[in-house]
There are 2 protein chains.
Amino acid sequence: MLRGALGSLLDFEEDIEVIAQAKNGEEALHFIQMLHPDVCLMDIEMPIKSGLEVAEELKTHLSTCKIIILTTFARPGYFERALKAEVHGYLLKDGSSDELAQSIRNVMKGKREFAPELIFGSMKEDNPLTEREREVLRLVADGKTAKEISSALFLSTGTIRNYMSEIIGKLNVKNRIEAISKAEEKGWI
Amino acid sequence: MLRGALGSLLDFEEDIEVIAQAKNGEEALHFIQMLHPDVCLMDIEMPIKSGLEVAEELKTHLSTCKIIILTTFARPGYFERALKAEVHGYLLKDGSSDELAQSIRNVMKGKREFAPELIFGSMKEDNPLTEREREVLRLVADGKTAKEISSALFLSTGTIRNYMSEIIGKLNVKNRIEAISKAEEKGWI
DNA sequence: ACATTTAGATGACATTTGTCATTTAAAAGG
DNA sequence: CCTTTTAAATGACAAATGTCATCTAAATGT
């Protein structure tokens, strides 16, 4: 509904024309490759392909379409990944549609537009977890048992327990469930 | 952003005038009591007061303002509660804004508008958990330990364990983490 | 070449979690 | 009034989880 409403509103603007609306990342990618729009306004959490995946693919394909991420989530993890994909904007859904239109114009002029919340927030607490720890915690978050994880990663169950203990300590929480919440909230897994 | 965009779009309609926009339930309630609108379009999950709470209060105050719930969540629990509060509509955010405008007109004519998904109730898998079980699982999902939960609910830790065992059985999963995922996914907690 | 760090394993241990059978008292339903 | 249900407690037990100290071998740094 937000997509439709924004589509209509932006189309009302003299200098903006909405040429397509996609309902997921895959569709967005197709449209971009077919229609070569100047700008693509994209959410992150979408079915089939996330907005970040689309941005990354476009970057490797050397697309000239300027990507503006428009999402609810100010997660540092998302933001950082978007920066790596060299998006032209990362805005939050709590602004007004007028501000959005103005940001689109600025991006067309070559500027980059980032929600101020993110720039301050990007002095962020960085992820204290190692790659292995993240891997383990991700599996734990999926409800896997120590045994399942150990055989998936070819480690002993004792090692898995050590990792969990380490993770719980690092995140300064009291059990795996809090560890999962905290890590997900901070975008660390 | 959706609120602002919808506000603008609906205000474009000849026969619709947007007289206020509230950013939470409490504010909505104030506006309704001050301005006596014909219709109030309201989300459910809002800060301070939820849309359902507002609808319930308005019902007891015998307000004449027709409430239309507009939300992302097709949770049977929400829907049922909205029906009890005698709202005039319950629509999902995946329709278009044109359809929404049409629904508003229908409601003004005295009709009631409910998203077909809800009436057909295809997602009608109903919540197998009792109130107590939900309460326990919600706390577990917050990372609380058995001891904390037992003292919060004035139950013994053994009873908490019994509940968790029961919950895990009912949801047909293998541990508390899967139970949390499943219950959250289905909107049961 | 040698010291240091690192990933992983192990074992011992306490605590928490999950399972079950049984009990009690109150509530509900005849 | 007497069953039947229900919410909660208890105890016993196995399994999983969390904590630690220690050990090994490989990778790194200098």
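Below, chain A is the first sequence line, B the second, and so on; all start at residue 1. Please read all numbers here as calculations on a predicted model, not as lab measurements.
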> Nearest of C:dT16, D:dA7, D:dT10 to any side-chain atom of B:Thr159?
Replying inline: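 Nearest to the side chain of B:Thr159 among the choices is D:dT10.
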> Taking the side chain of A:Leu155 as heavy atoms from C-beta outward, which of C:dG18, D:dA16, C:dG8 is closest to it?
Replying inline: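 The closest nucleotide is C:dG8.
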Rounded to whole angstroms, how far apart are [atom1] on [X] and [atom2] on [N]?
{"X": "A:Arg176", "N": "C:dG18", "atom1": "CZ", "atom2": "C1'", "result": "14 Å"}
{"X": "B:Glu148", "N": "C:dT15", "atom1": "CD", "atom2": "C1'", "result": "14 Å"}
{"X": "A:Ile167", "N": "D:dT19", "atom1": "CD1", "atom2": "P", "result": "11 Å"}
{"X": "A:Asn175", "N": "D:dG18", "atom1": "CG", "atom2": "P", "result": "7 Å"}
{"X": "A:Tyr163", "N": "C:dG8", "atom1": "OH", "atom2": "P", "result": "4 Å"}
{"X": "A:Leu137", "N": "D:dT17", "atom1": "CG", "atom2": "C1'", "result": "14 Å"}
{"X": "A:Ile177", "N": "D:dT17", "atom1": "CD1", "atom2": "P", "result": "11 Å"}
{"X": "A:Ile168", "N": "D:dC20", "atom1": "CD1", "atom2": "P", "result": "11 Å"}

>> Which is more 5' along DNA chain D, the nucleotide nearest A:Lys144 or the one nearest A:Gly158? Just name the residue.
In response: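 Going by which nucleotide is closer to the 5' end, it is A:Lys144.
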Taking NZ, NE, NH1 and NH2 as the nitrogens, is one of them in [X] or [Y] under 4.0 Å from a carboxylate oxygen of the other?
{"X": "B:Arg105", "Y": "B:Asp15", "value": "yes"}
{"X": "A:Glu27", "Y": "A:Lys23", "value": "yes"}
{"X": "B:Lys84", "Y": "B:Glu56", "value": "no"}

> Per the atom types in the model, does the base of C:dT10 pair as donor or acceptor with the side chain of A:Asn162 at under 3.5 Å?
Replying inline: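 Side chain to base: pair present.
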> Crowded around B:Lys174 NZ? As in, over 12 foreign heavy atoms under 6.0 Å?
Replying inline: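 Correct, the count exceeds 12.
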Less than 4.0 angstrom between a side-chain N/O of [X] and OP1 or OP2 of [N], yes or no?
{"X": "B:Ser165", "N": "C:dG18", "value": "no"}
{"X": "A:Arg161", "N": "D:dA16", "value": "no"}
{"X": "A:Arg132", "N": "C:dA7", "value": "no"}

> Between A:Phe12 and B:Phe12, what is the ring plane arrangement, given parallel below 30°, perpendicular above 60°, and tilted in between?
Replying inline: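 A:Phe12 vs B:Phe12 ring planes: tilted.
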